[in-house]
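Here is how names work: the chains are called A, B, and so on, in the same order as the sequence lines, proteins then strands, and each is numbered from 1.
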Amino acid sequence: MISLTFPDGASRDYPSGTTAAEVAASIAPSLAKNAISASLDGRHIDLAWPIETSGALAINMLKDAAPALELIRHDLAHVMARAVQELWPDVKVTIGPVRDYGWFYDFDRAEPFTPDDLAAIEAKMRQIIAARDPVRTEVWDRARARAHYEAAGEPFKLELLDRIPGDEPIRMYWHGDWQDLCRGPHLQHTGQLPADAFKLTHVAGAYWLGDASRPMLQRIYGVAFRTKDELKAHLTMLEEAAKRDHRKLGREMELFHMQEEAPGMVFWHPNGWAIYRELEAYMRRRQIAYGYKEIKTPQVVDRMLWERSGHWEAYRENMFIVEVDEEGAKEKRINALKPMNCPCHVQVYNHGLKSYRDLPLRLAEFGSCHRYEPSGAMHGLMRVRGFVQDDAHIFCTEDQIEAECAAFLEMLSGVYRDLGFETFDIKLSTRPDVRVGSDAIWDKAEAALAGAIDKAGYPYEVNPGDGAFYGPKLDFKLTDAIGREWQCGTFQADFNLPSRLGAEYIGPDGATHTPVMLHRAILGSFERFLGILIENYAGKLPFWLAPRQVVVASIVSDADAYVEEVTAALRLAGIRAEADTRNEKINYKVREHSLGKVPVILAVGQREVAERTVSMRRLDQQGSRSLALDEVVACLRDEATPPDLRASAAK
RNA sequence: GCCGGUUUAGCUCAGUCCGGUAGAGCAGCUGAUUUGUAAUCAGAAGGUCGGGGGUUCGAAUCCCUCAACCGGCACCA
């Protein structure tokens, strides 16, 4: 006998091997009918599986969102695979996991799927759901399963079978005549699937087992929810996300463009460059405040240095090579556009003998880097071939790592807060199997990073073995306004490069030592971070970052001279202001500048000219406010003050 | 880099299946209008149909090829 405890606290005894379906039936017929699965001690199980241990049992219904969504998405993956094989019997099935808001399933088929195929598959899936085919499961032994898939000619399933660990049961399951290998759990019958709350979204190629050396399969993605309304809400959310796409906003707000002659490189326009400069100026002030010294190093550097640093061997394929066609040169110099700044920073460090008294030495650079990214990787500002990092390298002793890490955490959290990101996640990656440096130094560095985060009071996740070969690292992921995560900040200890490039200092003992180098960035790349900012704010940047802060618009042409005067006064106060004296109605101007995300419109008509006032309208707010010219300049100047300067002025 | 899709006026898109000398809206330009907080009216103009090659009497349309972009996959020091 086993004893099962229910969510209401009651418990009952059942013979060992009783299924959750039988338990449900023993409680109420309606429960048995509407149940979708069960949870035994928090483990999600199938209603049809025999239960052999006592524990806490909950019968899951459609209202239990987490198990319901998992089952719906999971079973829809199978239903889709069945639909595809019923439509095209020669298609081979592979694997189809639940993911994000739905699932995908990879198929091996010579012909790619078309949008029309997706519609046909959806229709077939609805037929299968309408058939209310019961789900049946069996545990098979490995040999039988192998024989089955050999006979069926399903090579991918055979490979999956071989990857199932020896101690795990091989589960087969059916709905209708269609069979698949799957660990489960599953719904009772296909009729429990919501026929109107799923949608096949797109087709894409995907490598078998995620391995670029294996065949490319055809992947079909779907999304699914419990109800039609939830699906609709999801599709609406996607539309909203598309509206804040930085590539679209970049065009609409005239921030930047990219073109065929320079793929992956940004042509910044005046508006976009205004944001960039504001952000750079802000970061420069922060760095100065935290004791960094700014430097600037060359972009074109002889391959010799990259050979010494080790980058040539590892990343040469991804570097832009620069040669000069010198007539008669015996040996051509091969240069590379720098893909990163660290080797150059070590060169700066290496100039002049360093003492332990010089440490920690924090060298910062807004370093312009180029990497030849694979063509398919490029994506607007998010992934580019030419970018600028808010890069810095801290040369220090092992004992200084923790304090440097603590100071960095403080700086990073402050920057993220100022830029509108209140929360971020930290990931600590520790020593990998292949690494440089003694265990003693890894112990010390890992403890220093963990200690600094602990003392600062931040939670973090450890990724064992995920560190770089040269040292442990912290990665910082921020969350944007619509819940997406972006890895931006990084803090990496490096026990390799300083010795490789001959960095040294004289210690208090008079002997020569090798410093530790800390690579760190907060924004990552300016290009990408601006993309994130634009999407986070949907183009409506806070006033201090807004590219066009104020438009002064005339209502009648008699006000033109005064409009120019107001504009000039605002510009004198350091505000990015523009005059709009075009021969258009004020409605037209308000609409156009509102769509252009200008935060403040100052309308000026005869009344304002006479009274020397302006009528101020805020973006997305109805109505306007009349203010005296002096008053509005002072008020907007205050509002345009970057958060760091505001904070220091307040002290 | 791989799979699929896309590329037509500054922008958004129709025309491509079934080859017959390129079309709309908005923007821009010109003129009228002097306007009070999200599109005033009228007129004229604007395109080597992504590049190159081929088939054809004739190609935006069919074929080949290159490129860029979009969605994924792989990659991301």
Okay, side chain of A:Gln218, backbone of A:Asp108: is any donor-acceptor separation there less than 3.5 Å? no
Side chain to side chain, A:Phe424 and A:Thr479, heavy atoms closer than 4.5 Å: no
Which whole-number value in Å describes the distance from A:Ile586 CD1 to B:U37 C1'? 6 Å
At under 4.0 Å, does any side-chain N or O of A:Tyr588 touch on OP1 or OP2 of B:A27? yes
Is any NZ, NE, NH1 or NH2 atom of the basic residue among A:Lys477 and A:Glu485 found under 4.0 Å from an Asp or Glu carboxylate oxygen of the other? yes
When we call it a touch if two heavy atoms are under 4.0 Å apart, what does A:Ala603 touch: a base, just sugar-phosphate, or nothing? base
Under 4.0 angstrom, heavy atoms only, what part of the nucleic acid is A:Glu608 near: base, sugar-phosphate, or nothing? base
Look at all strands and tell whether A:Gln622 reaches a base, only sugar-phosphate, or nothing, counting heavy atoms closer than 4.0 Å. sugar-phosphate
Can you confirm whether A:Asn318 sits close enough to A:Pro339 that some side-chain heavy atom of one is under 4.5 Å from a side-chain heavy atom of the other? no
For B:G25, which nucleotide is its Watson-Crick or G-U wobble mate, given both distances must be under 3.5 Å? B:C11
Hey, is the side chain of A:Asn587 poking within less than 4.0 Å of OP1 or OP2 on B:U37, counting only N and O atoms? no
Given atom CG of A:Leu595 and atom P of B:A38, what is their separation to the nearest angstrom? 11 Å
Whole-angstrom distance between B:C18 and B:G72, as gauged at atom P: 32 Å
Using a strict threshold of under 4.0 Å (side-chain N to carboxylate O), is an ion pair present between A:Lys199 and A:Glu122? no
Give the ring-plane orientation class for A:His202 versus A:Tyr221, where under 30° counts as parallel, over 60° as perpendicular and anything between as tilted. parallel
Let me have a per-nucleotide readout for nucleotides 70-77 of chain B, 5' to 3', with B, S or -, counting only protein heavy atoms under 4.0 Å. SBBBBBBB
With A:Tyr276 as reference, evaluate A:Phe526, A:Phe256, A:Phe366, A:Phe387 under the ring pair (Phe, Tyr, Trp, His ring centres under 6.0 Å) test and give the passing residue. A:Phe526
Taking NZ, NE, NH1 and NH2 as the nitrogens, is one of them in A:Glu365 or A:Lys338 under 4.0 Å from a carboxylate oxygen of the other? yes
Where protein sits on nucleotides 5-16 of chain B, one letter per nucleotide: B base, S sugar-phosphate only, - none, heavy atoms under 4.0 Å: ------SS----
Pair A:Trp88 and A:Phe113, ring centroids less than 6.0 Å apart: yes
